[in-house]
Amino acid sequence: MRRSCKVAVIGGGMSGLVAARELLRESHQITVFEKSHRVGGTWVYDPRVESDPLGLDPHRAKVHGSLYASLRTNLMRPLMGFSDYPFTGCDFGDTSELKFPRHEEVLHFLEAFAADSGLIGFVKFGAEVVKVKRTSPDDELSAPWMVKWVQADQENIEHFEAVVICNGHYSEPRLPQIPGIDRWPGKQVHSHNYRTPEPYLNQVIVIVGKGPSGFDISVDVANAAKEVHIASRSLRFKAGKIPGMENIFEHEVVSHVDPDGRVHFADGFSVLADIILYCTGYSYHFPFLEINNLTVDDNRVGPLYKHVFSPRYGPYLSFVGITSATIVFLTSELQSKWIAQVLSGKCTLPSENEMMSSVKEMYDEMEEAGKPKHRTHWLYDKMEGYLDWLAAETGLPQIERWWFHMFDALLKSFISFGHGFRDKLEKMPYSNLLNEVK
């Protein structure tokens, strides 16, 4: 028998919007809580930065957004849409033909998706959720959830049968431990607080981290900086100046830093630096969630069955968008379909014990393979099987293979071309790109 649940969706970014749409399609009653005054989440550009550039001070005035002004997607346009709402329909000035859209166009797409899906009327804007908890002991699983939020300086409370958490994970900086950093005199900044290159004029900068943001920011800030030195666990080129780059150098990891301002790399090179800029990612953070049986340990949110449901509280507590190294929009869409159908009774979950066994099996496999905890939600080579499983679970046909072919081609291009991968692929027809991985 189909049932309709009263559901709280926390977050009005991409994951929250697609979750809301899928819940409505299954006839659930929803409220979306969004602490800002517009939808879009992490895709809303905010020129402000935090008072603490490292994001360590718990009392700092927090800025949710982490976008830098020049940001473009690292997935091509066809991979940035949903299965039945493609990104290609967007038109945003002179950027509309870019294979890798600018952040403004992604926001425009999400706003159009929300409007076309009839979601705006279900969103409480300016509503920051400050507490989510059970209203009765844990063994009474039929009890509703209490959600407390602040809106216009007023506290409000409402009870829900289920909660779907979609608050994103690009606002709480994650930092490495560097020997000697407590006595290093230079400035330290996390990429969360990087916006434009101008404040870094004529500075010598060390960038720690070589993921997508590390690549992008190194090229962007090099327009103003004197030198940019990238510290990486795996060198793409021989240590030294990167071919084709005027003032960007690549090195092995930072081994230690000195009180005189010198930064030492594992390859034996050292440089007197003005700034260390950390492009080291973010931590999952759910400060409003007051429950037992769920923790964040070295960026492992757990236990979660298939990265979505809490075995203890499923199906009434779920997460969308925890996974990374995946086709993000499509993954969130399929996770949302699964949640909506489980709540309506169209799909069923295994027992709590069976879900816990599945989680333990995943953890054991990671340990045997030597994978660190912080890669728990990193899909990568498991993405294809995971998305096909979600599709089958929700009654959909197998995912069309072009999604995976294009993702694989992008990954290979990123490895091959490094900093120039977007420029290289902008000139290549989609058909040529797909043919390279067949």
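All values derive from a computational prediction rather than experimental measurement. Scope of the values below: all heavy atoms of this structure, side chains included, with no hydrogens, waters or symmetry mates. Residue indices begin at 1 and follow the sequence shown.
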For Y194 and D220: C-alpha separation, side-chain torsions, deciding distance, then whether side-chain contact (heavy atoms from CB on, under 4.5 Å) applies. CA-CA 10 Å; Y194 177 86; D220 193 44; 2.8 Å; yes

Step-by-step ring pair (Phe, Tyr, Trp, His ring centres under 6.0 Å) determination, Y85 to F109: CA-CA 10 Å; Y85 195 93; F109 167 78; 5.5 Å; yes

Side chains of S332 and S15, donor plus acceptor under 3.5 Å: yes

Using a 4.5 Å cut-off on heavy atoms from C-beta on, say whether the side chain of V308 contacts that of W338. yes

When you check the gap from the basic side-chain N to the acidic O, do R38 and D46 get nearer than 4.0 Å? no

Please check this pair: side chain of H192 against backbone of L54, looking for a donor-acceptor N/O pair closer than 3.5 Å. no

Donor + acceptor pair across side chains of E333, S83 (<3.5 Å): yes

Which atoms form the tightest heavy-atom contact between L110 and G40, and what is the distance? CD1-O, 4.0 Å

Contact between V130 and F288 at the side-chain level, heavy atoms closer than 4.5 Å - yes or no? no

Okay, side chain of R102, backbone of A69: is any donor-acceptor separation there less than 3.5 Å? yes

Near-ring test W149/F33, centroid separation under 6.0 angstrom: yes

Answer yes or no: is there an ion pair linking K62 with D52, defined by an N-O contact shorter than 4.0 Å? no

Looking only at side-chain N and O atoms, does E368 offer a donor or acceptor that is under 3.5 Å from a partner on Y363? no

Between E50 and R60, is there a salt bridge with N-O shorter than 4.0 Å? yes

Side chains of T323 and T331: is there a donor and an acceptor less than 3.5 Å apart? no

Working to the nearest 0.5 Å, report the span between CZ of R401 and CG of D388. 4.0 Å

Set out, in order, the CA-CA distance, both residues' side-chain angles and the distance that settles side-chain contact (heavy atoms from CB on, under 4.5 Å) for W145 and Y313, then state yes or no. CA-CA 11 Å; W145 294 87; Y313 301 107; 3.9 Å; yes

Given V129 and V150, is the side-chain contact (heavy atoms from CB on, under 4.5 Å) satisfied, shown in steps? CA-CA 6 Å; V129 173; V150 176; over 6 Å; no

Residues D423 and K99 bridged, charged N to O under 4.0 Å: no

Would Y200 and D274 count as having a side-chain donor-acceptor pair, cut-off 3.5 Å? no

Is the number of heavy atoms from other residues, nucleotides or ligands under 6.0 Å of E367 CD greater than 12? no

So, S413 side chain and F421 main chain: donor-acceptor pair closer than 3.5 Å or not? no

One pair to check against ring pair (Phe, Tyr, Trp, His ring centres under 6.0 Å): H377 and Y284. What are the steps and the verdict? CA-CA 11 Å; H377 307 293; Y284 297 101; 5.6 Å; yes

Check H374, H64, H190, H169 against Y282 for a ring pair (Phe, Tyr, Trp, His ring centres under 6.0 Å) and give me the one that passes. H190

Would a distance-only check, ignoring hydrogens and angles, find a side-chain to backbone donor-acceptor pair under 3.5 Å from N247 to A225? yes

Shortest non-hydrogen contact from L294 toward L289: CD2-CD2, 4.3 Å

Is the count of non-hydrogen atoms from other residues, nucleotides or ligands lying under 6.0 Å from K306 atom NZ greater than 12? yes

Check V147 against A8 and note the closest heavy-atom contact, atom names and distance. CG2-CB, 4.1 Å

How long is the span from the NZ atom in K35 to the CD atom in Q151, to the nearest 0.5 Å? 14.5 Å

Side chains of F100 and L75, heavy atoms from C-beta outward: is any pair under 4.5 Å? no

Out of curiosity, R3 CZ to C5 SG, how far, rounded to the nearest 0.5 Å? 3.5 Å

Would you call R77-E105 a salt bridge at under 4.0 Å N-O? yes

D297 side chain vs T295 backbone, donor-acceptor pair below 3.5 Å: no

How many angstroms lie between CG in L304 and CZ in R312, if you round to the nearest 0.5 Å? 15.0 Å

Will you find, in the side chains of E26 and S344, an N or O donor that is under 3.5 Å from an N or O acceptor? yes

Side-chain heavy atoms of F215 within contact of I230, under 4.5 Å: no

Pair Y278-Q188, side-chain donor/acceptor within less than 3.5 Å: yes

Report yes if some heavy atom in the side chain of L349 is under 4.5 Å from a heavy atom in the side chain of M355; otherwise report no. yes

How far does NZ of K6 sit from CD of E161, to the nearest 0.5 angstrom? 8.5 Å

State, to 0.1 Å, how close V320 and A19 come at their nearest heavy-atom pair, and which atoms those are. CG2-CB, 4.3 Å

Is M366 close to T376 at the side-chain level, that is, under 4.5 Å between some pair of heavy atoms? yes

Do the non-hydrogen side-chain atoms of L317 and I165 ever get within less than 4.5 Å of each other? yes

Looking at P176 and V208, what are the two nearest heavy atoms and their distance? CG-CG1, 4.3 Å

Would you call D408 and K412 a salt bridge, taking side-chain N to carboxylate O under 4.0 Å as the test? no

Any sub-3.5 Å donor-acceptor pair from R195's side-chain atoms to R48's backbone N or O? yes

Is the closest side-chain heavy-atom distance between Q335 and L390 below 4.5 Å? yes

Examine H307 together with Y386 and report whether their ring centres are nearer than 6.0 Å. yes

Non-hydrogen atoms of G11 and V32 that approach each other most closely: O-CG1, 3.5 Å

Take K337 and E393 through the salt bridge (charged side-chain N to carboxylate O under 4.0 Å, His left out) test and state the conclusion after the steps. CA-CA 9 Å; K337 287 181 184 293; E393 196 71 7; over 6 Å; no

So if I apply the side chain to side chain contact (heavy atoms under 4.5 Å, CB included) rule between F329 and each of L79, V106, L334, which one comes out positive? V106

Between D298 and R300, does any side-chain N to carboxylate O distance fall below 4.0 Å? no

Mind checking whether F82 and F87 have ring centres under 6.0 Å apart? no

Separation between CD1 (I276) and NE2 (H229), nearest 0.5 Å, reads 12.0 Å

CA sep, side-chain torsions, deciding dist, call: L410, L425, side-chain contact (heavy atoms from CB on, under 4.5 Å): CA-CA 9 Å; L410 279 173; L425 296 181; 3.6 Å; yes

